[in-house]
Each structure stands twice: as C-alpha cells, then as structure tokens.
Amino acid sequence: MTVFALIDCNNFYASCERVFDPRLRDRPLVVLSNNDGCIIARSAEAKALGIPMGAPLHLIRDSLRRHKAIVRSSNYALYGDMSRRVMSIIRDTLPRMEVYSVDEAFADLSGVPERQTLACQLRAQIEQWTGITVGIGIGSSKAMAKLANHIAKKWPENEGVFDLAILSASERRQWYQQIDVSEVWGIGRRLITRLRAQGISTVDDLAQAHPSTMRREYSVLVERLIHELNGISCIELEEVAPERQQIFASRSFGHSLSTIEPIRQAIAHHVRRGHEKLLAQKMATATLGVFIRTNPHSQHSYYSNQNYLSFTEPTQDLCLLTRSANHLLDTLFRRDFRYTKAGIMLYGLEPAKHFQQDLFSAKSSSAQAALIEQINARHGKGALRTAREGWQSSTWNMAQRRKTPAYTTDWQNLLKVHLITNKESF
DNA sequence: TCTGGGGTCCTAGGACCC
DNA sequence: TCTGGGGTCCTAGGACCC
C-alpha cells in the first residue's frame, strides 16, 4: 500500500522572521505581500486576533496598531534559504520526496516501519536545526495526507503528527465528519458554493458522493479527489520537478504611473528577470507576452490589456526580448490612465540544447545568454543588464518599508551578537 | 494614499480537416 | 424541399494551489 506524508511548515514566513528575532515570540506578527499591500502570513497570535489572510493592510492598520502587532515586509531571500534548509533535512530522512511549495513537501512512506515514530523524530530535528515548527500528516493518498496534516495542526493533542492511513474506514469517517469540506485540497471558493448548495458540507459528505456522477456534474478533478479521500491514490509523487511550461515576471508599481517611460524600465526589468529564470532552466522561449493594467479596485476607469509576439524560432536573446517587449508595450499603452502593474510572460518553452548554435558565433543568442549568465553569477544579479532598464532605482520600484535583513544569504546582513560586559548596565 | 506574484490543470468552443 | 459527422489542435478563460 502506498503511504504519503505531507510535511508543512507552520506559519512559514512569520516563523522565519521569528527565528532571527526572538523579541517577536508570543506576539502577533504579520508578513505583507510585495508592495506592502496585504497580509500573506500570520503568526498563531495574529490568527487568534481574527486577522484574515489576504486582508489589505490599509483596512486593518488600526486593528494591528491596537493589538501592538508587528508588521514585516516579505523577505523572499530569507524564506527561500530557510526553505532549502528544511527541505534538505527532510531529504536526508526521506529521500523519496517532492518539494511541493516553499513550505511543504510530500514524501513516500510506503514500507517504512514505525512511521509515526520516524515522523516525530523528523519533526523534532527540523525544529532543533532550523527553529521552524512543522506539522506532519500521513495518509494513503496525497489528499488524505493533506487532511491528516490539518488534523495534526488543529488538534493540539496530536503534537503535530497524525496518521489517517492507520485508521479503520469507520474511524476515518468519524474524523471526516468533523471537518469542513473546504479543507479538502483542490476544493476552492467556487466549488464550495456549489457543493454546499447540493448538501455537501463535510469531508465525509464528499467522500461518500458517487465519483462518476460527480465527474459529470463537476469535473474529473472532483472525481479524483473522492477516490483520494477513500484511500485510492490518483496523484503521484513527483520526485523530479517537471520542466516549466511558462515563466512570469510582474510587479505592482510603488505608486501609479501615467507616462510610458518608467513603465518601459519596469518592463525591461521584468524581461531580465524572466530571462534569468529562462537561463536557469536551460530553456528558450517561443512566445513573449506583455501586459499592463490600472488599479482594479480604484474608482477610476479600469484598463487592462495584453499582447503577444511569437518568434520564428525559440530564443534566449535578452536584447531581442527587450526590444520586442518594448514594441508590445507601445501597442498597449493608452494615455490618461494611471497604471499600477505591468509584467511579461514567456510561453512555448523548449530545452535550449535542441537548437544550440556555435557558442562563439556572433549571431548566437545562446553565446550571449551564456556570457550574461557568467557575468551575473560572478558579480550579482543584474550586474549586466540592458540600458533600457536604467541604473537608478526609479519610480516604479515597489514599496517595502519594513523588511528584515537577508540574514542567511548576504554577508553584509549576518546577524550581529552583542556581548554585554559587566560595565554596561541593563 | 493604500488590495501580491507565480504557477498548474481542465474545459469549452472555434478553426480546420477529411 | 434539402446542408453530416467525427476528429484534432489551439486558445481563452476559469478554477485551483501556495
């Protein structure tokens, strides 16, 4: 029988902030999205105050102040590095694993003896070595492991580890009856509404529904979930991450822009970020897309548009991409709007080796790409960039007023420990 | 004043072919 | 008077995830 574990970091971003600043312990703490826009992570104390996920900062600022909550900008360099540490500890214990997201991993526990004990040890080790607390759920399918993880966290007596696969079908149903169907992996806002209308409100209601009927009424996804909840695994472990099919790079601006020049810079910047990801994955792109939009929440009239361009053959040429993006932007830009966001997309990705040309040929886009990659690897991201992008950090840059240092990935930001001598008073 | 960013998969419908 | 059926491929949009 297949057995899966889901290992999931608790309040991941908030926990990362805490590791390096013990003063934040036991206090309500929230982490903001890019541009300091809305809440994307909360400590347990912040959750207890009823601060909702995704809440816009400007709507709950008063409430945060009243409760003396700590507010932090997001620091992805820090979270990414902490994530790699956690994942490597998991991999040492459970080599058949899949990094599912920055704070979650699935692992194959099939045939592992004493899996409950092993899970408890792993959990303790992660906490001791990184300061991050995880929950571990075990089940006969990925969806079941997800639910077990929910139980592990929600019912404290389980001490962060729960095994649904070990239970009899009737014991499992007792748990399922207590849990809202919205906790099922893959059941989102829209489906909830429809399921509720049909009288399906608990996990058990869904698990007991007729699979092929539900497939007809909803989709193959719902059918698959029903099987998964009943212990029939339909979603495999992906130990090797599949090749990306598309690459995005976009940002909201620090404030709205009405002229095209700063937007050109932003687009050039996003093209370079997309290009970096493209090179890192050793891919070339067949299609470039550009989009711009105004603020959808504003009273002002809304404008959003996008345009695409396909190349005769897949390319890695940063200059070609930048030029093309510039032309696309010209087709999109309209005067008299206040733009708040722009971005680029790369589609039709293909492995670069399939059409790699002579590395030293003047016409070769891969030679240029390799050079850019080398220089930026040595001198830091963006050391070599297109002039279009500009050198000054400019008006389109995002706001990040409350960012912690990159403690673990930048020598300049290493944590300083101050020794207090007898002469100094407390 | 102020609302993130980056992905995947599925489905429906149109274009096109024989 | 009367105008098929079945298949593939592509794309846009919806829904979901973290």
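Bear in mind the structure is a predicted one, so any value in this text is a computation, not a measurement. So that the names make sense, note that chain A is the first sequence line, chain B the second, and so on, each numbered from 1.
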A:F162/A:W155 aromatic ring centres below 6.0 Å: no
Phosphate OP1/OP2 of C:dC17: any A:K142 side-chain N/O under 4.0 Å: no
Closest-nucleotide 5' rank along DNA chain B - winner of A:V220 and A:S256: A:S256
Between C:dC17 (C1') and A:F12 (CZ): distance, integer Å: 17 Å
Sugar-phosphate only, base, or nothing, as touched by A:A249 at under 4.0 Å among non-hydrogen atoms: sugar-phosphate
Residue whose closest nucleotide on DNA chain B lies nearer the 5' end, A:S250 versus A:G54: A:G54
Contact under 4.0 Å: A:K277 side-chain N or O vs B:dG7 OP1/OP2: yes
Sugar-phosphate, base or nothing in reach of A:R273, heavy atoms under 4.0 Å: sugar-phosphate
Sugar-phosphate, base or nothing in reach of A:R224, heavy atoms under 4.0 Å: sugar-phosphate
A:Y302 ring center near A:F337 ring center (under 6.0 Å): no
Short side-chain N/O contact to B:dC9 OP1/OP2 from A:Q245, under 4.0 Å: yes
Sugar-phosphate, base or nothing in reach of A:D36, heavy atoms under 4.0 Å: nothing
Residue-phosphate contact under 4.0 Å: A:K341 side-chain N/O, B:dG5 OP1/OP2: yes
Distance below 4.0 Å between A:S252 side-chain N/O and B:dG5 OP1 or OP2: yes
A:H270 and A:R251: side chain donor to acceptor below 3.5 Å: no
OP1 or OP2 of B:dG6 under 4.0 Å from side-chain N/O of A:R244: no
Parallel, tilted or perpendicular: ring planes of A:Y407 versus A:F20, cut at 30 and 60 degrees: parallel
OP1 or OP2 of B:dT1 under 4.0 Å from side-chain N/O of A:R61: no
Aromatic ring pairing A:F106/A:Y100, orientation class (parallel under 30°, perpendicular over 60°, tilted between): perpendicular
